[in-house]
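All values below were derived from every heavy atom in this structure, side-chain atoms included, with hydrogens, water molecules and symmetry-related copies excluded.
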Amino acid sequence: MILMSPPCQPFTRIGLQGDISDPRTKSFLYVLDVLPRLKKQPAYILLENVKGFETSEAREALIRTLEKGGYAYQEFLLSPTCLGIPNSRLRYFLIAKLQKEPFAFPTTSKILEEFPSQCPGSKRIIHCSESNPQARVEQKYSSCPLSGTDCDPEKTVLYKLETAVELQRKQTQDNDSSVRMLQDFLEGNVEEMSQYFLPPKSLLRYALILDIVKPTCRRSTCFTKGYGHYVEGTGSVLQTATDVEIDTVYKSLDLLTEEEKLAKLSSLKMRYFTPREISNLHGFPATFGFPEEVTKKQRYRLLGNSLNVHIVSCLISTLLQSP
């Protein structure tokens, strides 16, 4: 079996998208070149990459190699939310096996956005493809009421840089009882928790673009390798104050002095998720840990480049399942 997760930078939507011209794809292309010439080809293959890989030339080269080598394959776009985990991490996956042993489910040339019903542990079949949770509206603050005739819910910005449609999407996610609450993945007692709270400078600078979640929420955005170091678009932050409503803090924010703004924002007691909590969302076992010499910044970088264990586990089970 070959399990691989080639460098994703050539395919990320926010990168240069150099594809096969990017030197970082050389190792992957080398594997594709060697694969047909092996005396004993691997019976199974699983590949993971970012959304965007599915439209790349590298993906076309992979498919050609698999078809030439006599492999049956299936492509997916999956997120942990499919398995009831409150974290958006949409990724491309491909599973392949030599055709002498067919899949236990009917394959299709389409990219599936759900697990096959035969997948062990996947009792809930849900579309995993998501709109970009990091998408941000660039319009200036608007006080236009939603009920107004001139208001477009897709464009009208509410108390944060967030449209009514985006807010409704988040509320829908939080009401999905088939997804577990974040509180199931949080640490109980953490020494020096103060190190995870957002500093005043970040609160003031990024207040309008933070994706804020509570322990009772059933969603969180994708955690990237910049989490804990950068703020914008790197992952959700956790509101730990349970007696304060977000809208009451934000709706009058633009009328306050900087000192008053900071006091308001601080009342939410927002902090970063700890590395252990992100590990929990990724499905790492309780026994998993980092060596003490690995810094907090390095832990966030490693976790940001990681993947969800439960998704991969389910795909491997599907790959090995007999008809």
Any side-chain heavy-atom pair of [X] and [Y] under 4.5 Å:
X	Y	result
Asn305	Leu302	no
Thr240	Met270	no
Thr81	Pro86	no
His282	Leu307	no
Asp174	Val179	no
Leu77	Phe93	no
Phe76	Ile311	no
Arg180	Ile85	no

Indicate whether the side chain of [X] and that of [Y] have a donor and an acceptor atom separated by less than 3.5 Å.
X	Y	answer
Thr248	Glu245	no
Glu187	Thr274	yes
Glu67	Tyr73	yes
Thr318	Gln321	no
Glu101	Tyr44	yes
Tyr92	Glu75	yes

Glu48/Ser5 under side chain to side chain donor-acceptor pair (under 3.5 Å): CA gap, chis, key distance, verdict: CA-CA 5 Å; Glu48 179 268 354; Ser5 184; 2.4 Å; yes
Please test Ser79 against Ser88 for side chain to side chain donor-acceptor pair (under 3.5 Å), starting from the C-alpha separation and ending with a verdict. CA-CA 6 Å; Ser79 179; Ser88 298; 4.9 Å; no
Hey, mind stepping through Leu182 and Thr216 against side-chain contact (heavy atoms from CB on, under 4.5 Å) and telling me if it holds? CA-CA 6 Å; Leu182 286 168; Thr216 52; over 6 Å; no
Measuring from atom [atom1] of [X] to atom [atom2] of [Y], what distance do you get when rounded to the nearest 0.5 angstrom?
X	Y	atom1	atom2	value
Leu315	Leu47	CG	CG	11.0 Å
Asn87	Glu277	CG	CD	12.5 Å
Ser317	Leu319	OG	CG	9.5 Å
Lys26	Asp33	NZ	CG	13.5 Å
Thr295	Arg299	OG1	CZ	8.0 Å
Arg64	Glu60	CZ	CD	6.5 Å

Salt bridge check: are [X] and [Y] linked by an N-O gap of less than 4.0 Å?
X	Y	result
Arg219	Asp176	no
Lys296	Glu192	no
Asp211	Lys170	yes

Checking [X] side chain against [Y] main chain: does a donor-acceptor pair fall under 3.5 Å?
X	Y	result
Tyr250	Leu265	no
Asn175	Gln171	yes
Asn308	Arg89	no
Ser313	Val309	no
Ser279	Pro275	yes
Ser236	Thr221	yes
His310	Pro80	no
Arg271	Phe197	no
Ser56	Phe53	yes
Thr234	Tyr230	yes

Do the ring centers of Tyr227 and Tyr300 come within less than 6.0 Å of each other? yes
Starting from [Y], can I reach [X] by hopping between I/L/V/M/F/W/Y residues whose side chains sit under 4.5 Å apart?
X	Y	answer
Leu255	Leu262	no
Ile278	Met181	no
Ile45	Val34	yes
Leu203	Ile212	yes

Which heavy atom of [X] sits nearest a heavy atom of [Y], and at what distance?
X	Y	value
Cys82	Leu78	SG-CD2, 4.5 Å
Val244	Ser267	CG2-O, 3.6 Å
Glu293	Gln298	O-OE1, 4.1 Å
Asn49	Pro6	ND2-O, 3.1 Å
Pro215	Leu238	N-CD1, 3.8 Å
Leu94	Ala96	CD2-CB, 4.0 Å

Identify, with sequence neighbours excluded, every residue that meets side-chain hydrogen bond (donor to acceptor under 3.5 Å, both in side chains) alongside Arg276. Asn280
Show your working on side-chain contact (heavy atoms from CB on, under 4.5 Å) between Leu98 and Gln41 and close with a plain yes or no. CA-CA 9 Å; Leu98 288 173; Gln41 289 182 298; 4.0 Å; yes
Apply the test side-chain contact (heavy atoms from CB on, under 4.5 Å) to residues Leu204 and Lys261: give CA-CA distance (whole Å), side-chain angles for both, the deciding distance (0.1 Å), then the verdict. CA-CA 7 Å; Leu204 290 170; Lys261 283 182 182 178; 3.9 Å; yes
Begin from the C-alpha positions of Phe185 and Ser220 and carry the test side-chain contact (heavy atoms from CB on, under 4.5 Å) through to its verdict. CA-CA 12 Å; Phe185 301 84; Ser220 59; over 6 Å; no
Does Lys97 make a cation-pi contact with Tyr71 (under 6.0 Å, within 45 degrees of the axis)? no
